[in-house]
Amino acid sequence: MINMADIKAFLKNNKLMRSLKFRLFVIMFLMGMVPSVFMRAGILENYESRAVEVRTSDVQTQLRIIANHLITYNYLQDTSSEVIGAELEQLSNLYNGRVLIINGNLKIVKDTYGISEGKTIISEEVIRCMKGTNTVNYDEVNGFIELTIPIVETVSAQTATAELPVGTELVRGVMLTSVSTDTIINTIDILSRKAVIMEIIMVVCIFALALILVQILIHPFERITRAISEVKAGYTNEPISVPDYLETEHIVDAFNSLLERMKSLDDSRKEFVANVSHELKTPITSVKVLADSLLAQPDVPAELYHEFMKDIAEEVEREDKIINDLLALVKMEKSAATLNVGVVNINELLEIILKRLRPIARKKNIEMTLISKREVVAEVDEVKMSLILTNLVENAIKYNREQGGVEVTLDADHQFFTVQVADTGIGIPEEAIHHIYERFYRADKSHSKEIGGTGLGLAITRSAILLHRGSIKVESKVGEGSVFTVKIPLTRVLV
Ligand code: ADP
């Protein structure tokens, strides 16, 4: 037994069955062939029944005429009439049939084959016909039509009696006729043979037409595959275009936007690698230059030696800072799922951070104030949150002027808490504002280096904020200062 699951599995696993080309071909072929097969069968069947009908009614008409003559010539009593004999002969020759004339006693008075005369016939059809009913039987298997027709005498004025008034119809006998349908069968044979030949021609034509149509219909999909392969093989990097169908256009659009995204990812990866290499190389180059110049002099005074070594140590420290920041960034981008969430008092956290950074601020005589508008307790990763706030406050100090100010404001609504870090520092130029979160970006290169920035701080900060499903925005005016605002959900938002 074949069940639906087997058919489905077969369609799924068989490569040919899975091909759209093949399926379309089969559908077109069947759509071309099935109607023609049904039409042929229908027309031939129709022809046969129509031809049998016509033949039957022709013979019946003839028989009725002869039946009248039989009464006129009193043939049932006397079969010597040559006229009737000739008529019967003609009928049986014309339709290749046999006519039996049976009288009221069911005796065969005439058989055109001449073999059954004088015999008695008892058959259902004859007896039914004696009662006045015509019968017609078509024997399809043996190829003949058998029909009976009553021989009716109408009572005339001369023969009328009280029981039999004028016009009464009396069945005097029956004509039982079988006519061959050989000619009809022959015609059907000829027609079927012609139809088969036509069908074979149609099969070939529909096959060829379906093949061509399928090829044309599938062509755009093949063009897409080819275009994508070219992109894959690296011959081209340009967006592809196959505008034939709306559907192919959609596929192509989706592919092009994927390509665009991959390109931008690739570009940013290349840029990142280039930046990392450059950033890591700079301190190493300085160390090498310093060491080489020490080595080049035979008798280096101790103070110079000491000074150079101090520079070398500073460069190494810088290299260490860059590597640590890079590692922190990579870790942040990798550990989206490993947010170590706990309940943290943000007011306390900010106090600790400000306390820790106060010595650096004091060096520049910067005054730091914390405005806690309300008590805030949030579900956050304490280490990451501390990193975010430290980076922002540190930047507010680093990029500030002497005797400037840093104001940290903490507020919350029922959903989010916000930390605003405002400084009175150098500000960020408008064209730089969109880039400050990029890795290794520094708005004011010389100043930033001198301060010891790596350009990674805000990139790390932003990643950590996004991990908390929060947001960061900045407003800044050159020479006046900047305000960074961080907004974080109070409770952990599950992804
Ligand atoms: P860096 O380690 O160089 O400070 P960041 O990623 O923290 O790197 O900052 C990127 C750049 O944004 C900095 O180089 C600086 O030019 C600018 N910037 C950041 N914070 C401030 C601020 N509070 N005031 C002015 N400029 C800032």
Side-chain angles (χ1 to χ4, degrees), residues 268 271-272 274-276 278-283 314-315 317-333 350 353-354 356-358 360-361 363-370 384-409 418-467 470-486:
S268 92
E271 196 191 314
F272 180 59
N275 286 341
V276 169
H278 177 77
E279 294 295 329
L280 290 177
K281 219 172 149 239
T282 318
E314 267 171 21
E315 290 299 333
E317 199 181 310
R318 187 171 158 67
E319 182 91 13
D320 186 53
K321 189 166 164 24
I322 296 173
I323 290 171
N324 280 337
D325 276 3
L326 267 176
L327 287 176
L329 185 68
V330 171
K331 212 168 122 198
M332 195 78 67
E333 286 180 354
L350 276 172
I353 290 168
L354 290 196
R356 213 188 297 142
L357 293 175
R358 202 145 268 143
I360 318 174
K363 275 193 209 160
K364 277 173 114 178
N365 285 323
I366 289 169
E367 198 188 325
M368 291 206 291
T369 35
L370 172 63
K384 291 194 174 81
M385 189 49 63
S386 162
L387 191 73
I388 295 168
L389 300 172
T390 308
N391 272 346
L392 291 177
V393 180
E394 212 179 341
N395 276 352
I397 300 169
K398 276 196 307 190
Y399 300 103
N400 218 321
R401 57 179 165 80
E402 281 284 331
Q403 277 161 356
V406 174
E407 196 177 85
V408 181
T409 315
T418 47
V419 180
Q420 213 177 57
V421 182
D423 64 56
T424 54
I426 56 172
I428 306 163
E430 190 146 349
E431 66 278 6
I433 234 158
H434 297 295
H435 299 287
I436 54 172
Y437 304 109
E438 287 170 15
R439 295 167 296 198
F440 295 116
Y441 183 83
R442 299 180 190 95
D444 173 2
K445 292 199 171 50
S446 55
H447 193 213
S448 175
K449 271 237 171 99
E450 179 190 306
I451 288 169
T454 59
L456 291 169
L458 283 180
I460 297 171
T461 304
R462 187 166 171 272
S463 290
I465 291 171
L466 292 184
L467 277 185
S471 63
I472 178 167
K473 66 170 197 218
V474 59
E475 278 165 35
S476 185
K477 258 209 181 116
V478 177
E480 286 183 23
S482 319
V483 181
F484 281 86
T485 311
V486 176

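As the structure lists them, so they are numbered: ligands from 1, and atoms in each ligand from 1. Not measured: the values here are computed from a predicted model.
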Exercise. Can you see which heavy atom on Y441 is nearest to which on A432, and at what distance?
Key: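 The answer is OH-CB, 3.2 Å.
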
Quiz item: Which of the atoms of ligand 1 are close to I428, meaning less than 4.0 Å from one of its heavy atoms?
Solution: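 This gives 25 (C), 26 (N), 27 (C) as the contact atoms.
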
Quiz item: Taking only heavy atoms of K398, which atoms of ligand 1 are found under 4.0 Å from at least one of them?
Solution: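 In order of numbering, the contacting atoms are 1 (P), 2 (O), 4 (O).
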
Quiz item: Above 12 or not: heavy atoms from other molecules or residues under 6.0 Å from CZ of R462?
Solution: no

Quiz item: So does E430 have more than 12 non-hydrogen atoms from other groups sitting under 6.0 Å from CD?
Solution: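 No.
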
Practice problem: Answer yes or no for T454: is there a heavy-atom contact with ligand 1 below 4.0 Å? | Solution: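 Judged by the 4.0 Å heavy-atom criterion, T454 does count as contacting ligand 1.
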
Quiz item: Does ligand 1 have any atom sitting under 4.0 Å from a heavy atom of G425?
Solution: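 No.
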
Practice problem: Under 4.0 Å, heavy atoms only, figure out whether ligand 1 is touched by the backbone of D423, its side chain, both or neither. | Solution: side chain

Quiz item: Of the backbone atoms (N, CA, C, O) and the side-chain heavy atoms from C-beta on, which set of A443 has a member under 4.0 Å from an atom of ligand 1: side chain, backbone, both, or neither?
Solution: both

Quiz item: If only atom types and distance count, is the side chain of K364 paired as donor or acceptor with the main-chain N or O of I397 below 3.5 Å?
Solution: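 Judged by distance alone, yes, a pair lies under 3.5 Å.
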
Quiz item: So which of I397, L456, L458 gets nearest to atom 9 (O) of ligand 1, if we judge by its closest heavy atom?
Solution: L458

Quiz item: If you measure from atom 11 (C) of ligand 1 to every heavy atom of F440, Y441, Y437, which option wins on shortest distance?
Solution: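 It is Y441 whose heavy atom sits nearest to atom 11 (C) of ligand 1.
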
Quiz item: Given R401, which of I366, T424, D423 fulfils the side-chain contact (heavy atoms from CB on, under 4.5 Å) condition?
Solution: T424

Show me the side-chain donor-acceptor pairs of residues 473-481 shorter than 3.5 Å, one per line, residues at least two apart or across chains.
from, atom 1, to, atom 2, distance (Å)
S476, OG, I428, N, 2.7
S476, OG, G481, O, 3.4
S476, OG, S482, OG, 3.0

